[in-house]
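Written below as structure tokens is the structure these notes are about.
This structure is a prediction, so every number in the text was calculated from the model and none was measured.
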Amino acid sequence: MLGFQDEVSWSRFARPSLNAWSEEPALHLQQLSAAPQDAEPKALSCYSLLRADTGQMLLRFVKGRPVSQVTEDFLEWVCERLASEGKKALLMIWDDNASWHISHRVQAWIGAHNRRAKAEEGVRIVTCRLPSKSPWLNRIEPCWVHGKRAIHEPERPLMIAEVMERVCTYYGCEQLPPLEQDVG
């Protein structure tokens, strides 16, 4: 199966890139800001894989930020999902400039995972890294732009639970518990 993988940050405050025309020059979109008592994070990260075969998005939010260990957890989850469908290999297109993609830890994990997958008839991962600073080559990038525009709330900041719910609804994804960084 061919898939396009990327991570994105969903801001609760930043406006998505929007173009608008108005006859009234005083009409402006306002930048939202956090209330003093608002203790929620300003943004939420998530990993996703856009499937070329179905157009479906496999998406997992992250409690914290993308790091090598969370990348491994995400890839393991994706492989389990694909194995349940009888898939044997994942050709995964992803960015070359993300440190959690090119880390020795992730590369070693993929090698060990592929050896296990071959022995146990699981899903092997073949990565195809895109050149640095070439987001137009990753089919998932436009999906992020449209998604950010679709879930944007111009009147107030969204709570984290609302962001997660709106994103999952927009992409037709099951809302699963966020992946977490190991602390230790």
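Ile151 approaches Trp10 most closely through the heavy-atom pair CD1-CE3, 3.6 Å. For Ala83 against Val123, the heavy-atom pair with the smallest separation is N-CG2, 3.5 Å.
Between Glu7 and Cys46 there is no side-chain heavy-atom pair separated by less than 4.5 Å. Leu50 is listed as a side-chain neighbour of Cys143, based on a closest heavy-atom distance under 4.5 Å. By the 4.5 Å heavy-atom criterion applied to side chains, Leu58 and Cys173 are not counted as neighbours.
Here the straight-line distance linking atom CG of Leu90 with atom CZ of Arg51 works out to 9.5 Å at 0.5 Å rounding. With rounding to the nearest 0.5 Å, the separation of CD in Gln56 from CG in Leu49 is 9.5 Å. Atoms CG and CD1, from Leu137 and Ile140 in turn, are 14.0 Å apart once rounded to the nearest 0.5 Å. The distance from atom CZ of Arg139 to atom CD1 of Ile93, rounded to the nearest 0.5 Å, is 9.5 Å. With rounding to the nearest 0.5 Å, the separation of OG1 in Thr71 from CD in Gln5 is 7.0 Å. Interatomic distance, CD of Glu162 versus CG of Leu44, reported as 12.5 Å (0.5 Å rounding).
With Gln69 contributing its side chain and Asp182 its backbone, the two residues share a donor-acceptor pair below 3.5 Å. The main-chain N or O of Arg81 is found under 3.5 Å from a side-chain atom of Ser84 such that the two form a donor-acceptor pair.
Pairs engaging residues 62-89 under the ring-ring contact (aromatic ring centres under 6.0 Å, His included) rule: Tyr47-Phe74, Phe74-Trp77 [sequence neighbours left out]. The stretch residues 60-75 participates, sequence neighbours left out, in these salt bridge (charged side-chain N to carboxylate O under 4.0 Å, His left out) pairs: Glu72-Arg105. Sequence neighbours left out, the pairs with a member in residues 164-180 that pass side chain to side chain donor-acceptor pair (under 3.5 Å) are Glu153-Arg166.
Side-chain contact check for Trp144 and Asp6: at least one donor-acceptor pair (N or O, by modelled atom type) lies under 3.5 Å. A donor-acceptor pair shorter than 3.5 Å can be found between the side chains of Ser103 and Ser68.
At most 12 non-hydrogen atoms from other residues, nucleotides or ligands lie less than 6.0 angstrom from CD of Glu121.
In terms of the side chain to side chain contact (heavy atoms under 4.5 Å, CB included) criterion, residue partners of Glu76 (sequence neighbours excluded) are, by chain and number, Glu80, Trp109, His113, Arg116. Applying the salt bridge (charged side-chain N to carboxylate O under 4.0 Å, His left out) test to Lys87 and every residue at least two apart in sequence or in another chain returns Asp53. With sequence neighbours left out, the side chain to side chain contact (heavy atoms under 4.5 Å, CB included) criterion links Asn114 to Ile110, Arg124, Ile125.
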Go through Leu179 and Phe61 one step at a time and tell me if the side chain to side chain contact (heavy atoms under 4.5 Å, CB included) criterion holds.
CA-CA 6 Å; Leu179 298 169; Phe61 287 98; over 6 Å; no
Should Leu82 and Lys88 be marked as a side chain to side chain contact (heavy atoms under 4.5 Å, CB included) after you check the CA-CA gap, both sets of side-chain angles, and the distance that decides it?
CA-CA 8 Å; Leu82 296 177; Lys88 297 295 180 194; over 6 Å; no
